[in-house]
Structures are given as C-alpha cells and as structure tokens.
Amino acid sequence: MIPRHFHRMFLAELRKTLLRGSGIAAILIAAAVGLLAVGGMAAAQYLGGEAAVNGLPLDQIMEFSGATTAGWALRARNFFLLPLLLLWATGATFAGEFKERTLRELLARPVPRWSIMAAKFLALSVLSALTLLVTAVLSGGLGALLFGIEGEWGPLALGYLASWPSDLGLLSMGILVALVVRNVAAVVVGVVLYLAADLVLRLLLSLVGKLPSLELAAEIARFMPGEALAAWEGYLDGWNMVSWIGLAGLIALCLGLALLRFMRMDVP
Amino acid sequence: MPRNDSPNPAAAGVPALEVEGLTRRFGSRTAVHDLHLKVEPGDLYGFLGPNGAGKTTTMRCILGLIRRDAGRVRIFGEENPVRQRTWVGAIVETPRFHDWMTGRANLELACAYAGQGDATDRSEALQRVGLADRADDRVRTYSHGMKQRLGIARALVGRPKLLLIDEPTNGLDPRGMREVRDLLRMLVKRDGLTVFISSHLLAEIELLCNRVGILDQGKLSAEGEVATLVRDLAGDELIELAVDDPGRARALLQAVEGADCVGDGVAGRLRVSLRGLTPAELNARLVGEGLAVSAIVPQDRRLEELYLASTQQEVR
C-alpha cells in the first residue's frame, strides 16, 4: 500500500536531489548548454559568409532561428555531459547513500522499501525534466529573441518531451548498477562502458547485417538498449516504434531487477 | 500537531519487544544464534556483549535492515515490519547524516519519511538535545558529540514508544555522557518510553538499566534484572577483612570451610569469599585463633563480574 505521506517523502527526496552537488551541477550544465547553443549560433551568424563548411558559407547552410538553436542545444545536451551528470546523481542517490549509511536511516522508518525507491526515482525523474526545461527555455527563449520565432517548434517540442523517457531509461540502468556496485564512480563508469560496448556491438551487427543471409544481425541491433536510449532522435529522422518498445522494456526490466535487489538487500 | 497517531501500544500490556529464535548467519559464521529476549514496557534494557558478539546484527535484524535466517520479532505484539517501525526510534552504530545539509534539514528528511512531526516537534527535539542554536548549521561543522545528540533527536522524531540505541554515549565527553543518561532516564520516566541500549560499556549500563541481557558469540548467556543476576551468579558473599597479621590470617583461611581468600583488598585488607559462613562466624573463628580483627567490610558485586563470567570465552 502507498504510504499516506508519500508526497512528503517525494518532496524531501526532490529537495535533497536538487541541493546535492550532482543536482546543482546538472542544472548548471543544462543552463550552460542552452546558453552555449545561443552563443554558438550568434557566433555563426556573426561570421556569416566568412566561415564556410565544404566551400559553402555558414549563412547558406544554417538556419538561424529560436527553434534551430533549441534543436542544437537538445542534441548537445543528450550527447554526453548531461547523461553523465544524471548518472552521477543516480549513483549519489543510491550507491552514495548506501556507502555513507544514510540509506539505513530511511529504511528504519515505517515505510515499505519499494516506496523509498519510488520516491528516489521520481525525484531523479524531476531532476531530468528540470534540466530539459532549463535547456529548452534558455536556448529556445534567447534564440527566439535573437534570431526570430520562425522554425519548426512542434517536432522540437516532441524531441524535448521524448528525451525525458530516454533519460528515464538511463536512470533505470543507473539505479540497477548502483544497487549492485554500491559505488558512485563505478555507476557512471559502468554504464558508460556498457553503452560504449553496446555502440560498438550495434555497429558490428549492422555491418554483419549487410552480408547476404545475415540480415537478422541488423534487426537484432535495433533491439539493443543503446538503440532504445536514442528513441528521442525520432524527432529528427522519424519515430521508430521498435526503439520505444525497447525503451519501455529496458525501463521495466531495469527497475524490476533493481526493485528485487532493493527489497532483499542487507543494509548495514 | 501531527503525532504518532497509532493506538498507544504500551497500554495493551504486551511486551515492548519480543525476539524469538532469531538467527542470522554470514556465510559459515553464525552471528546470532537462536536468540530469545523480551523487553517489557518501561524497561531500560541493556544489551551487553563484547565486540563481535552480535549486538549490532541483532539490532539490524530487529529493524529489518538485514534479513533474518530464522526467528520472529514482535514490537508491542506487532509482527508487520513496517507497522512495527511506527513505534520505534533507532540509532544503529554511529548516526549518519547528509553532512552538507543542516541539522534541521536532516530532521525534516526524517520527519518526511516517518510521516510525523512538524516544525514545532523538530524544534522541541533539537531543544531537548541542546542543539537549538546550531540547528541551521551544516552537519559537517558538528563535533562527534553533536552528531550523536542530533541522532538522538532524530530517533525521537514521531514520538516513538521504543527506542533502540547502539552505544548512545559513544564519543561523548563525561558531561555529554551524563546528559544523555539523564535524557534517557527522563524519556523512560516522564514520557513512558521503553529503551533498549546496546553497549559494551558496563559502567554505563549499570548506571542506566534495570534489566540486562548479555550476548556472547551470538547467544544470550544471561538475562534479567541487574541486581538479581549479580546475586544469583555470585551465590556467595564478598567481604574485605582487616587483621593485625594478614599472612597468618591467609594461612588460617585455607583451613576454614566456607571461606576463601580471593585476593588483596585496599590498605592491606584481604578479600574473602564466604559460602555458608556468616561474617560473624568467621570473625569468631579468627579471634579464637588469636587474631585481632579491626574491620569487616561487605563488598558489592558488580555487573563487571557477571559480564566476565558470562563471556568467559571472550575473556580468555
């Protein structure tokens, strides 16, 4: 049964998550990504015809608008740094609290273990949503002020929305790893190494899939976790149902296994 | 003001804490073996044992922090582990905090998870442990003793009926130790709490507790009221004897049935254990042998002797 005071648990966890070093860093970096996207676009516009890519001036190959700026910001956000920071926050919330023995103090309270995990997961989900919001508002808002409001805002908004469940997939993986390794750095390194291996394997499978009678290899690559975590990219090149089903499965599997572990683990 | 709104369990007349057949193994090592103990409401119960005896493991099992391999735990008759904890405040080992948060914020977190306690309760708890003026400082600036006191404040959040505390005066200076002892006594006397203290500090337990359980190598080797246990264990009477010729007295005592010289006391006195012989009878025997007896001083048996006798393997 859900504790009657679950909302208090969630709000307390959220406050803790946002005030912790990893939470503050995630919000600040999200803001920096938004501002850098605006700065980068402004620089590109300023250079205009002087700078060129493949012989074509920048102002001919780039579209300068608020929507484009927010689009670049989203890609930069999802590429590397924010996922790392979200993994750090996840590690601090589970592995860090286990190691510092502050998790024990929560488990001694009259609430079921699953509700503690749920409160922490929800708090991390809100942190992820806030980082998306900060990047979107800063890059989109300032971009629109500087470059105008033209552009395709609808697909971009879907891209931002779709990034949230992708983040949840990453958080779920992070929670599972955190409950096994119980070390913050190992959570970040472990998931990143796995995703790197996943990427290499998908590339290999795609290559093998081009060989006659081995097309199945390419199909397998589409169901791998790395592909699922990139579901948000659908706003750029068309939505892929397989990725979304994979993402849902990944979240369910990771959270399910993490919950089993959390319910049974000894907490010294 | 939000309070622990469960029915007052102490009124039901059931034991505050009942442990039956508790067993916990770590690999091939049995940390706690078939442990049975009972703590009545209003008790200040001392849970004694040498390091590694299984005290903290027992507390963790009671709180559900670690799994039990066998056994049952009832708190005020309740077996559901979540509902049990409604009535329990606990400090296991050294209390841990988010040290980048303030003392007050740490209490707020505990209140949120307990579902009880408002700002007034938190202020009261901080006041009670003497931390009101430092409540808004980050915990990382606190001394060890202050953290210990904040731990007690946190354990009191939600007005528990049973307090489980591991080494409550750990790291405190003598004044702090006394304050904590006074606080615990007050909680029992004024607020009707039951307190279960795990410790290896005999003097502290002797000063505080009315009942003790002694754990040795995962097994309960003695349990009961301190005075009764000490008396039952001893089965003899200990005196110190002042005589004019201790050497001759020592030789005479070897021939007296029911009296044993067990060592030297203060100021050249002899420590003598009497079984079936009264001090007056011994006095008459010694005087009859021409010795001048100037003093016979009865000696109190201490918990320490009971403890050493109950944990012999550890002492060796």
Side-chain angles (χ1 to χ4, degrees), chain A residues 1-25 88-89 91-120 122-123 182 184 260-268, chain B residues 2 4-6 24 26 31 56-57 59-69 75 78 80-102 105-118 138-139 150-151 154-155 157-158 160 164 166:
Chain A
M1 209 165 71
I2 300 174
R4 277 185 301 173
H5 58 283
F6 182 77
H7 64 287
R8 284 183 71 182
M9 293 164 58
F10 161 65
L11 289 174
E13 264 317 314
L14 180 60
R15 185 178 170 203
K16 192 170 66 179
T17 305
L18 294 179
L19 292 178
R20 190 181 263 140
S22 53
I24 293 171
W88 178 24
T93 299
F94 286 91
E97 290 198 19
F98 183 92
K99 203 173 175 186
E100 290 159 12
R101 312 246 165 134
T102 46
L103 186 58
R104 169 180 79 195
E105 310 296 343
L106 302 181
L107 295 179
R109 297 287 157 193
V111 286
R113 283 194 178 197
W114 68 261
S115 68
I116 296 174
M117 188 173 143
K120 288 179 176 295
L122 284 180
R182 302 172 188 180
V184 181
L260 279 177
R261 170 96 182 131
F262 194 63
M263 294 296 284
R264 292 183 56 79
M265 70 196 280
D266 285 345
V267 179
Chain B
N4 188 340
D5 54 3
S6 315
R24 173 64 208 234
F26 293 103
T56 303
T57 301
M59 287 188 74
R60 286 178 181 147
C61 285
I62 291 171
L63 285 167
L65 296 174
I66 62 175
R67 280 172 290 128
R68 308 188 281 266
D69 290 316
I75 293 177
E78 177 63 64
N80 179 296
V82 174
R83 283 202 293 271
Q84 281 179 349
R85 293 196 291 266
T86 309
W87 302 315
V88 176
I91 301 179
V92 182
E93 291 183 312
T94 311
R96 300 299 182 103
F97 301 94
H98 298 284
D99 61 4
W100 47 274
M101 288 164 60
T102 65
N106 272 284
L107 280 196
E108 282 170 15
L109 183 69
C111 286
Y113 271 85
Q116 288 158 0
D118 57 11
R138 287 175 192 245
V139 173
L150 184 62
R154 182 170 59 187
V157 155
L164 302 175
D166 211 0

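To find a chain, count down the sequence lines: A is the first, B the second, and so on, and within it residues start at 1.
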Legend entry - A/D266 and B/R24: CA distance, side-chain angles, deciding distance, side-chain contact (heavy atoms from CB on, under 4.5 Å) verdict: CA-CA 12 Å; A/D266 285 345; B/R24 173 64 208 234; 2.8 Å; yes

Measure distances from [X] to the heavy atoms of chain B and classify the residue's part below 4.5 Å as side chain, backbone, both or neither.
| X | value |
| --- | --- |
| A/R20 | both |
| A/I116 | both |
| A/L19 | both |
| A/R113 | side chain |
| A/P112 | both |

Legend entry - With B/A112 via side chain to side chain contact (heavy atoms under 4.5 Å, CB included) - residues at least two apart: A/R8, A/A12

Legend entry - Counterpart residues, side chain to side chain contact (heavy atoms under 4.5 Å, CB included), relative to B/T102 (two or more places apart): B/R104, B/A105

Legend entry - Residue pair B/H98, A/E97: steps toward the side-chain contact (heavy atoms from CB on, under 4.5 Å) verdict: CA-CA 9 Å; B/H98 298 284; A/E97 290 198 19; 3.6 Å; yes

Inset, instruction - Tell me, for B/T56 versus chain A, whether the close heavy atoms (under 4.5 Å) come from the side chain, the backbone, both or neither. - result: neither

Legend entry - Which portion of B/F97 sits near chain A, non-hydrogen atoms under 4.5 angstrom: backbone

Legend entry - Leading residue by heavy atom contact count with chain B [cutoff under 4.5 Å; candidates A/E105, A/H7, A/M265, A/R15]: A/E105

Inset, instruction - Determine the sole option in B/R85, B/Q116, B/R83 for which the side-chain contact (heavy atoms from CB on, under 4.5 Å) test with A/P110 is passed. - result: B/R85

Legend entry - Contact leader toward chain A among B/G151, B/A155, B/A110, B/A90, where contacts are heavy-atom pairs under 4.5 Å: B/A110

Inset, instruction - Please check if the side chain of B/R67 supplies one atom and the backbone of A/R264 the other of a donor-acceptor pair under 3.5 Å. - result: yes

